[in-house]
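Only one structure is covered here, and it is reproduced in the block below.
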Protein chains: 2
Amino acid sequence: MAANRRPTLADVAREVGVSAKTVSRVLNADGPASAQTREQVLAAVTKLGFQPNLMARNIRVGGPDTTVGLVIPDLANPFFGAVARSIEDTVRDRGLTLLMGSSADDPDRERALTDKFLARRVSVLMVVPSVGAGHAHLKTHRATGLPIVFIDRPGAGLATDSVVSSNRTGAHDGVAHLIAHGHRRIGFVGDLPAKLYTRRERLAGYRSALQEADIPYDRSLVVNAHDQQGAEAVAGQLLDGAEPPTALFAGNNIMALGIVAELARSGRKHVAVVAFDDVSLADALEPALTVVAQDPEEIGRTAAVTALARLDGDRSRARTVTVPTRLIVRGSGEQSVAAART
Amino acid sequence: MAANRRPTLADVAREVGVSAKTVSRVLNADGPASAQTREQVLAAVTKLGFQPNLMARNIRVGGPDTTVGLVIPDLANPFFGAVARSIEDTVRDRGLTLLMGSSADDPDRERALTDKFLARRVSVLMVVPSVGAGHAHLKTHRATGLPIVFIDRPGAGLATDSVVSSNRTGAHDGVAHLIAHGHRRIGFVGDLPAKLYTRRERLAGYRSALQEADIPYDRSLVVNAHDQQGAEAVAGQLLDGAEPPTALFAGNNIMALGIVAELARSGRKHVAVVAFDDVSLADALEPALTVVAQDPEEIGRTAAVTALARLDGDRSRARTVTVPTRLIVRGSGEQSVAAART
DNA sequence: GTGAAAGCGCTAACAT
DNA sequence: ATGTTAGCGCTTTCAC
């Protein structure tokens, strides 16, 4: 009942009548040990409920801890959840444990998290960098051999590995799909801040598709929102405007949720939509939602594999891996221009 | 470039020409320190890029580490993602860091994770227990003062706090909603394994609603699936059967996705549906999906608050907190019986 | 096959 | 205001 001290190696050793080192040997399959000693030790371990203190072990051994530090913007965002799961699946075989935290895309929170992770001597640092976060302070750690991988966006001020989606090409293809179905006024609903890498890249893809079709870029068709509710609002405003678009391109999954919700709410079933990043139930909507699907599993896997290779001594140049996106045509991109105008 | 040793307290002390303890004092705002020393120390810390080794600190201080161990079935499931975010938000103020892992509902993986967390001397252990996982081995840790909270389901073999949804009442209300709209043949699509606490409770709620309405329980209307694809398949089979149900109740969010996808695919728009747990875009479906919404934020917050209270010395009896669910009527529960038969 | 001593990086408990 | 000593729980090193 009282807060008893947890048993230590020494307690186990005392119980058996051997030295601490012998117990350590048995538990780590280090040096030799007689079968009898082994059994006695194991029995005492069970009896006392001994669990080695990993922190104490680690401090002595000196190397990095068997942990991976992972900073993502939001644990509850399905995209990042899928990335995180994939990372975990990949590093689990190596016995690594995940230290996780969400930054809410706040550079200060990101910094606080990475500092904590570094103070815990993580073996690997994986970060979805926030806008405005500098990473120069990580240079010395990188130089010390700590693998650092940026996910979804490149980091600022640090040459290291990163894994991103083919944002520009993907967005281009999604918008081109709309253009192919006759749309010339296509709204872009992007997330914030506007300086966000993914947002900029996807907007660039949007613009390149317009340009290819000789459609002038109309700044008034580009709107922004922080969250789903914001996206609903701006999508509604855009469509209520003087020269409304006949199609919308969603800059990410959250924007897509907002757009789809707003179209459903206002009964505008005939506005064409393509979204960047897949969402669940996309198939069940009417019309089903056409998306530029990302591959979060592959992104997570690649990031983890890259980091583990570095851990294993890979000293090759820092590289940026681009994970391809895939246009999944489901119907919402084919709503007719004429219908949207009604 | 080479893997230089990371600077230690002693390095900083040497740089400044003071003792290690003085540096420690400055950094932890422990005892006094002259303004000049403080500045010099801080400068040296910056210069060397020193970061205190939290593990070394912790081992000396002796108490539990400033970490929270969290085991959930699947990082990519939006429900658990929302719970995790809420937990993180709640424990962040206390400076606690999250150790996370997914069990995939496998008792062995759960055990491996909790053992690792315990070896790291977490301050708090929060677990969504897997079916078949025993928790008797946690008794000694509980007795030692480690707060343990089970989330979403009670744990087996250990009297400790838990936080669950009002599964039975919620499911009852959802099914009653269908019955109120004339349905008497209501299919239950549940997850697996069938022994899962939430599944059993929700099925019990389903049965109690039937009983209240004098509708005999028909075992053939209860089907199971592991995942969304499985749910699509069994929902299709059920509706293709001899005496198909006119309404379906989804046992969780994943089953809901499967059912909705299947109904959309097969064009059965007139089958009534109520789902346990909300899903995104529920509002945008046609008909919009009526759900028994859980409150993952509140579940996470309650679990964290309970654990922190224990950490602060709360020695009251272990309690189970039930977080209420809420029926959100959106339309899919009101599809008519007649229409479903066509 | 086993043990004793030293030390990992840090801080508690005493000095001064 | 600062330094010294000891020691957290473990493993390394070297001895037997």
Side-chain angles (χ1 to χ4, degrees), chain A residues 3-42 44-45 48-67 116 118-123 144, chain B residues 3-42 44-45 48-67 116 118-123 144:
Chain A
N4 291 323
R5 204 173 45 80
R6 301 269 273 269
T8 73
L9 252 198
D11 295 327
V12 178
R14 202 171 308 119
E15 175 85 15
V16 182
V18 296
S19 78
K21 178 62 210 177
T22 299
V23 177
S24 170
R25 271 197 268 260
V26 170
L27 293 177
N28 297 303
D30 198 12
S34 78
Q36 174 173 345
T37 314
R38 179 186 319 284
E39 263 185 56
Q40 287 179 311
V41 167
L42 261 28
V45 164
L48 298 181
F50 168 77
Q51 235 156 351
N53 186 325
L54 239 56
M55 293 186 295
R57 172 176 218 287
N58 198 259
I59 202 187
R60 178 67 256 236
V61 172
D65 192 13
T66 55
T67 49
K116 270 189 188 161
L118 291 168
R120 292 183 177 282
R121 302 297 187 260
V122 291
S123 286
T144 303
Chain B
N4 292 324
R5 201 174 48 80
R6 300 268 274 270
T8 72
L9 252 198
D11 295 325
V12 177
R14 202 172 309 117
E15 175 85 14
V16 182
V18 295
S19 79
K21 180 63 206 179
T22 299
V23 178
S24 171
R25 270 196 267 260
V26 171
L27 293 175
N28 296 303
D30 199 9
S34 78
Q36 173 173 345
T37 318
R38 179 187 317 284
E39 264 185 56
Q40 288 180 311
V41 166
L42 261 29
V45 163
L48 299 181
F50 169 76
Q51 234 155 352
N53 187 326
L54 237 58
M55 293 186 295
R57 172 178 218 287
N58 198 258
I59 202 187
R60 176 66 256 232
V61 174
D65 191 13
T66 55
T67 49
K116 270 187 187 163
L118 292 168
R120 291 182 178 283
R121 303 296 187 259
V122 291
S123 287
T144 303

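First the proteins, then the strands, lettered A, B, ... as listed; each starts at 1.
- Of all the heavy atoms in A:V41 and A:V16, the pair that sits closest is CA-CG2, 3.9 Å.
- The minimum heavy-atom distance linking A:F50 with A:L27 is given by the pair CE2-CD1, 3.6 Å.
- A straight line from CD1 of A:I59 to P of C:dA6 spans 19 Å, rounded to a whole angstrom.
- Separating the CG atom of B:L9 from the P atom of C:dG9 is a distance of 10 Å, rounded to the nearest angstrom.
- When the local axes at the two ends of the helix from C:dG1-D:dC16 to C:dT16-D:dA1 are compared, using 5 base pairs at each end, they differ in direction by 40° after rounding to 10°.
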Scan the side chains in residues 52-63 of chain B for donor-acceptor partners under 3.5 Å anywhere in the protein, sequence neighbours excluded, and list what turns up.
| residue | atom | partner | partner atom | Å |
| --- | --- | --- | --- | --- |
| B:N53 | OD1 | B:M55 | N | 2.9 |
| B:N53 | OD1 | B:A56 | N | 3.1 |
| B:N58 | ND2 | B:P64 | O | 3.4 |

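- A:L54 places its CG atom 16 Å from the C1' atom of D:dC8, with the value rounded to the nearest Å.
- Going from atom CE of A:M55 over to atom P of C:dT11 covers 13 Å, rounded to whole Å.
- Scored by the side chain to side chain donor-acceptor pair (under 3.5 Å) test, B:T66 finds A:R120 as partners (sequence neighbours excluded).
- The backbone N or O of A:G31 lies less than 3.5 Å from no partner atom in the side chain of A:R25, so there is not a single donor-acceptor pair.
- Looking at heavy-atom distances under 4.0 Å, B:N58 makes no contact with the nucleic acid at all.
- Every residue meeting the side chain to side chain donor-acceptor pair (under 3.5 Å) condition with B:T22, not counting sequence neighbours, appears here in chain and number order: B:S19.
- The shortest side-chain heavy-atom distance between A:S24 and A:L9 falls under the 4.5 Å cut-off.
- Summarising the geometry of B:R121 relative to A:Q51, their closest heavy-atom pair is NH2-O, 2.7 Å, with the distance given to 0.1 Å.
- Atom CG in A:D30 sits roughly 14 Å away from atom C1' in D:dC14 (whole-Å rounding).
- Considering only side-chain N and O atoms, B:S24 lies under 4.0 angstrom from the phosphate OP1 or OP2 of C:dT11.
- Side-chain proximity of A:N53 to the nucleotides D:dT11, C:dC10, D:dG9 is greatest for D:dG9.
- Following rounding to the nearest Å, B:R5 (CZ) and C:dG9 (C1') show an atom-to-atom distance of 10 Å.
- Nucleotide C:dG3 holds its P atom 14 Å from the CZ atom of A:R14, rounded to whole Å.
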Could you list the protein-to-nucleotides 2-6 of chain D atom pairs, N/O on both sides, closer than 3.5 Å?
| residue | atom | partner | partner atom | Å |
| --- | --- | --- | --- | --- |
| D:dT2 | OP1 | B:S34 | OG | 3.3 |
| D:dT2 | OP1 | B:T37 | OG1 | 2.7 |
| D:dT2 | OP2 | B:S34 | N | 2.7 |
| D:dT2 | OP2 | B:T37 | OG1 | 3.1 |
| D:dG3 | OP2 | B:S19 | N | 2.7 |
| D:dG3 | OP2 | B:S19 | OG | 3.1 |
| D:dG3 | OP2 | B:T22 | OG1 | 2.6 |
| D:dG3 | N7 | B:R25 | NH2 | 2.7 |

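- In this view, B:L48 and B:P7, B:D11, B:V12, B:E15 satisfy the side-chain contact (heavy atoms from CB on, under 4.5 Å) rule, not counting sequence neighbours.
- One can place CG of A:N28 at 8 Å from C1' of D:dT11, the figure rounded to the nearest angstrom.
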